[in-house]
Amino acid sequence: MIKENLKKVLATIQEAQEKSRYHQDVTLVAVSKTHPVSDIMEAYDAGIRDFGENKVQELMSKIDELPQDIRWHLIGHLQRNKVKYIIGRTFLIHSVDSLRLAEEINKESLKHNVITNILVQVNVSGEETKSGIDKEEAISLVKEISRLSNVRIKGLMTIAPEVTDAEEVRPFFRMLKNLSIDIDALNIDNISMDFLSMGMSGDFVVAIDEGADLVRIGTSIFGKRDYTKM
Ligand SMILES: *Cc1c(COP(=O)(O)O)cnc(C)c1O
């Protein structure tokens with residue numbers, strides 16, 4: 001099933017990317033949280049190399065069991081006391097939304113003598129339940145983080161509100177794209193806006209249309225998650 005699902009998802013991504021006015025290259029991050037390593041291997045054998053997990057503990061146990069050339073994306077809320085476990089092991093941390101968290105990542109990165117690539121998570125919808133920095137505060141946070149020696153901002157990430165019609169979240173994706181263009185224009189040292197991480201199973205076509213180049217897709221590839229087994 002996973003192979004067939006992937007085929008469909010990749011074809012839909014391709015189609016959306018060809019239509020997008022931004023002509024961006026889109027990378028699929030297969031969100032494997034709650035799913036076993038055997039499912040990940042099935043996607044890996046189909047050519048997928050980018051996988052997303054939202055919990056540090058689950059990520060750590062999977063990393064050790066899977067091929068070394070996987071690029072791991074941490075996409076969930078990250079607690080400062082867990083940072084030490086993942087430094088040097090992720091390709092990209094998508095969910096940095098405070099200076100204190102970025103400082104902790106910097107401190108641990110210095111210890112391990114590595115540079116850690118991150119995205120700043122922005123709460124574009126203003127929903128109180130969503131993590132992410134408010135968009136009004138995003139630019140000042142980016143400037144503060146840019147002064148840290150061992151952290152590199154590579155772009156922005158957002159999670160859109162859950163809606164029945166994905167068109168409803170188009171304005172939020174557009175806002176994040178515009179914010180990344182504004183930040184890029186500031187030419188801040190040590191940062192780049194290479195990645196725009198937005199779009200999930202329900203809304204990735206709209207996200208790509210609005211400029212996403214990293215889409216985080218779980219359900220459409222691996223099926224529904226069963227949290228009772230966790
Ligand atoms: C679980 C998760 C996804 C994937 O969601 P699906 O709807 O299953 O595609 C994407 N992004 C984040 C941050 C997630 O936690």
Side-chain angles (χ1 to χ4, degrees), residues 1-13 16 26-37 39-40 42-43 46 48-60 62 70-79 82 86 90-98 101 117-125 127-133 138 154-170 172-173 176 195-230:
M1 244 345 242
I2 291 172
K3 275 209 173 74
E4 289 75 34
N5 291 345
L6 262 174
K7 234 178 159 174
K8 266 186 233 155
V9 166
L10 288 168
T12 311
I13 289 173
V26 180
T27 299
L28 166 64
V29 177
V31 177
S32 47
K33 66 191 187 201
T34 78
H35 297 289
V37 293
D39 285 4
I40 299 179
E42 204 173 326
I48 302 300
R49 290 295 177 273
D50 292 87
F51 290 91
E53 289 283 337
N54 70 335
K55 293 212 163 67
V56 168
Q57 205 179 353
E58 188 176 348
L59 172 65
M60 296 312 294
K62 284 175 173 171
I70 287 180
R71 291 183 289 265
W72 290 103
H73 298 250
L74 186 72
I75 60 174
H77 179 69
L78 175 58
Q79 286 170 302
K82 303 251 172 86
I86 57 155
T90 55
F91 175 71
L92 192 60
I93 300 173
H94 290 227
S95 45
V96 177
D97 61 358
S98 73
L101 176 58
N117 292 329
I118 66 160
L119 303 180
V120 168
Q121 181 175 353
V122 184
N123 180 355
V124 272
S125 64
E127 273 191 313
E128 275 176 30
T129 52
K130 289 275 185 295
S131 38
I133 183 97
K154 293 286 176 186
L156 305 178
M157 178 271 217
T158 198
I159 303 175
E162 269 183 57
V163 290
T164 42
D165 178 1
E167 281 301 328
E168 289 175 52
V169 290
R170 185 182 289 278
F172 301 125
F173 293 145
L176 194 71
F195 295 119
L196 198 57
S197 169
M198 55 188 198
M200 308 177 18
S201 289
D203 56 22
F204 71 90
V205 171
V206 176
I208 291 170
D209 204 40
E210 294 300 333
D213 48 32
L214 284 177
V215 289
R216 312 176 307 265
I217 301 178
T219 310
S220 296
I221 298 168
F222 298 108
K224 279 214 165 67
R225 286 178 288 273
D226 181 359
Y227 288 98
T228 61
K229 282 190 296 190
M230 296 306 288

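In listed order, ligands and their atoms are each counted from 1. When a residue number appears, it is its place in the shown sequence, counting from 1.
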Any N/O of Ser220 closer than 3.5 Å to an N/O of ligand 1?
no
Flag yes if more than 12 heavy atoms outside Lys7 fall under 6.0 Å of its NZ atom; otherwise flag no.
no
So the atoms of ligand 1 within less than 4.0 Å of a heavy atom of Ile217 turn out to be 9 (O)
of all protein heavy atoms, closest to atom 8 (O) of ligand 1 is Thr219 OG1, 2.5 Å
Residue, atom and distance of the protein heavy atom nearest atom 14 (C) of ligand 1 read Lys33 NZ, 2.9 Å
among protein heavy atoms, the one nearest atom 12 (C) of ligand 1 is Ile75 CD1, 3.5 Å
Among His94, His73, Gln121, find the one that has a side chain to side chain donor-acceptor pair (under 3.5 Å) with Ser197.
His94
So, the side chain of Lys33 versus the backbone of Leu59: is there a donor-acceptor pair under 3.5 Å, distance only?
no
Is a donor on one side and an acceptor on the other found under 3.5 Å between the side chain of Thr90 and the backbone of Trp72?
no
Is the shortest distance from a heavy atom of His94 to ligand 1 less than 4.0 Å?
no
Which ligand 1 atoms, with their elements, are less than 4.0 angstrom from a heavy-atom of Gly218?
4 (C), 6 (P), 8 (O), 9 (O)
For the backbone of Ile75 and the side chain of Asn54, can you confirm whether one donor and one acceptor N or O come within less than 3.5 Å of each other?
no
Atom 5 (O) of ligand 1: nearest protein contact (heavy atom, Å)
Met200 CE, 3.5 Å
for atom 9 (O) of ligand 1, nearest protein heavy atom and its distance come out as Ser201 OG, 2.5 Å
Keeping the roles fixed (side chain from Ser98, backbone from Leu101), state whether a donor-acceptor pair exists under 3.5 Å.
yes
Shortest protein contact, atom 11 (N) of ligand 1 (heavy atom only)
Arg216 NE, 2.9 Å
Just by modelled atom types, is the Thr34 backbone N or O under 3.5 Å from a matching donor or acceptor in the Glu58 side chain?
yes
Between the main-chain N or O of Ala207 and the side-chain N or O of Glu210, is there a donor-acceptor pair closer than 3.5 Å?
no
Under 4.0 Å to a heavy atom of Ile159 - the qualifying atoms of ligand 1, by number:
13 (C)
